[in-house]
2 protein chains.
Amino acid sequence: MARLSDVIEKFIKSLLEESEGELELQRNELADYFECAPSQINYVLATRFSVSHGYYIESRRGGGGYIRIVCLDVDKNNFLHYLVSEGIGSRITEHDALHIVQRLLEQNYIAPKSAGLIKSAITDKAIGIPSTLKDTIRANILKSMITAVMAWQGK
Amino acid sequence: MARLSDVIEKFIKSLLEESEGELELQRNELADYFECAPSQINYVLATRFSVSHGYYIESRRGGGGYIRIVCLDVDKNNFLHYLVSEGIGSRITEHDALHIVQRLLEQNYIAPKSAGLIKSAITDKAIGIPSTLKDTIRANILKSMITAVMAWQGK
DNA sequence: AATAATGAAGGTCAAAGAAAGTCAAAACAG
DNA sequence: CTGTTTTGACTTTCTTTGACCTTCATTATT
């Protein structure tokens, strides 16, 4: 079965496109529309629209309350540079690393093939060895690959 | 008496034919259908659908989870498949690895950007750690990336 | 005018549910 | 006896649900 959370995610993203990266919505209304618990909206926002996903959320409670989602626009080079110099750090989990690559893909900083290539290099399975060193190695490789991407400028 | 694992293998292969080499299935559903333990599905996949058998598996847990099986086009990717299943082996030096990638580039298996990306991931410097494990890790990562290239069909 | 009550939002968190993964022991086939 | 298959207990990951909490605007009361 298709996950409801994924459907809601897509829905919000399509709304965001129509409204040029900024959007205000009503939590209960949306929950009603999808016939789910209101807190599921929070779940979707937390797991798919966090800052690390490239979004910023603000909200207000009480009568006339709302949730506003803003699509952050970051400069590609700044972002890549930030990742290599501080974002990734000296160790990174598989989950966090894949998340970064997915973001690079969604922001169109890299092509799907490149994303696939990078992802394939940083999974636990790829690295193979069972050791705490894994996260260190992964960080090194990911930074190295992103550095290669930075060097692509203009082909 | 035909072994169940063989029956499941055949079943999955027939599904793959119907669906043009790519297929998503539910582990529990399949286990249910064959009245076996769910983990037997994993066994079948591990012993008959590995990369060296010419397949690539990805999956997701949790609600709405799935297992996806992709059939790698071994004929078309003969050389790549050879590299992954025997050519590279369990350890490889930086020099030999870079040489292989260069060759893939020259023979047009991969684009210049991809070659650059792959190279950036397999240097001693990228892997970072000073250890005899380096060559093992490099072999693993290189094989994983070449497998990703094999899975590109049509993308 | 100041305060209290009400209702309409949204927030949090933990438990339950729905998958898939791992591993090793037991069973079996040759 | 040896290698492969089958089973099942336990783990991990991700999603869904619901009970309870907080905030705010509006309206009623003093």
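In the text below, chain A, chain B and the rest are named by the order of the sequence lines, each starting its count at 1.
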**Message:** Counting only side-chain heavy atoms from C-beta out, which of dG18(D), dC14(D), dT12(C) sits nearest to Arg27(A)?
**Reply:** dT12(C)
**Item:** Of the listed nucleotides dT7(D), dC14(D), dG21(C), the one nearest the side chain of Gln40(B)
**Value:** dT7(D)
**Euclidean distance, atom CG of residue Asp124(A) to atom P of dT22(C) [Å, nearest integer]** = 10 Å
**Message:** Check this for me, if you would: do Lys13(A) and Glu17(A) make a salt bridge, where the nitrogen-to-carboxylate-oxygen distance has to be below 4.0 angstrom?
**Reply:** no
**Whole-Å gap separating P (dT13(D)) and NE2 (His99(A))** = 16 Å
**Over 12 non-hydrogen atoms of neighbours within 6.0 angstrom of CD in Glu86(A)** = yes
**Item:** Residue Arg48(B), side-chain heavy atoms: nucleotide from dT15(D), dT6(D), dT5(D) that is nearest
**Value:** dT5(D)
**Request:** Please work out which of the three classes, parallel, tilted or perpendicular, describes the rings of Phe79(B) and Tyr109(B), given edges at 30° and 60°.
**Result:** tilted
**Asked** For Arg68(B) and dA20(C), what is the distance between atoms CZ and P respectively, to the nearest whole Å?
**Response** 13 Å
**Prompt:** Expressed in angstrom and rounded to an integer, what is the separation of Asn42(B) atom CG from dT12(D) atom P?
**Reply:** 16 Å
**Message:** Mind checking if Gly62(B) touches a base, just sugar-phosphate, or nothing, with heavy atoms under 4.0 Å?
**Reply:** base
**Fill in**
Taken to the nearest whole Å, OH/Tyr66(B) to P/dG21(C) is 11 Å
**Message:** Quick check for you: among dG10(C), dT17(D), dT5(D), whose closest atom lies nearest to any side-chain atom of Arg61(A)?
**Reply:** dG10(C)
**Rounded distance (Å) that lies between atom P of dA9(C) and atom CD of Glu58(A)** = 19 Å
**Message:** Determine whether a donor-acceptor pair (one donor, one acceptor, N or O, separation below 3.5 Å) exists between the side chain of Ser39(B) and the base of dG8(D).
**Reply:** yes
**Message:** Does Ser59(A) contact dG11(C) through a side-chain donor or acceptor facing the base, at a distance under 3.5 Å?
**Reply:** no
**Fill in**
To the nearest angstrom, the CG-C1' distance between Asp6(B) and dC28(C) comes to 14 Å
**Prompt:** Could you state the CG-P distance from Leu25(A) to dG10(C), rounded to the nearest angstrom?
**Reply:** 8 Å
**Prompt:** Would a distance-only check, ignoring hydrogens and angles, find a side-chain to backbone donor-acceptor pair under 3.5 Å from Asn77(B) to Asp73(B)?
**Reply:** yes
**Request:** Among the candidates dT16(D), dG21(C), dT6(D), find the nucleotide nearest to the side-chain atoms of Tyr43(B).
**Result:** dT6(D)
**Message:** Counting only side-chain heavy atoms from C-beta out, which of dT4(D), dT12(C), dT7(D) sits nearest to Arg3(B)?
**Reply:** dT4(D)
**Prompt:** Given dT15(D), dG18(D), dA9(C), which nucleotide is nearest the side-chain atoms of Asn28(A)?
**Reply:** dA9(C)
**Prompt:** Taking everything shown except Gln107(B) itself, do over 12 heavy atoms lie less than 6.0 Å from its CD?
**Reply:** yes
**Request:** Give a yes or no on whether the backbone of Arg91(A) and the side-chain of Thr136(A) come within a donor-acceptor separation of less than 3.5 Å.
**Result:** no
**Message:** Categorize Ile41(B) for me: base, sugar-phosphate, or nothing, with a 4.0 angstrom heavy-atom threshold over every strand shown.
**Reply:** nothing
**Prompt:** The side chain of Ser5(B) lies closest to which of these nucleotides: dT6(D), dG8(D), dT17(D)?
**Reply:** dT6(D)
**Complete:** 5'-most contact on DNA chain D (nearest-nucleotide basis), Glu35(B) vs Arg60(A), goes to Glu35(B)
**From dA20(C), dG21(C), dG18(D), nucleotide with atom closest to Gln26(B) side chain** = dA20(C)
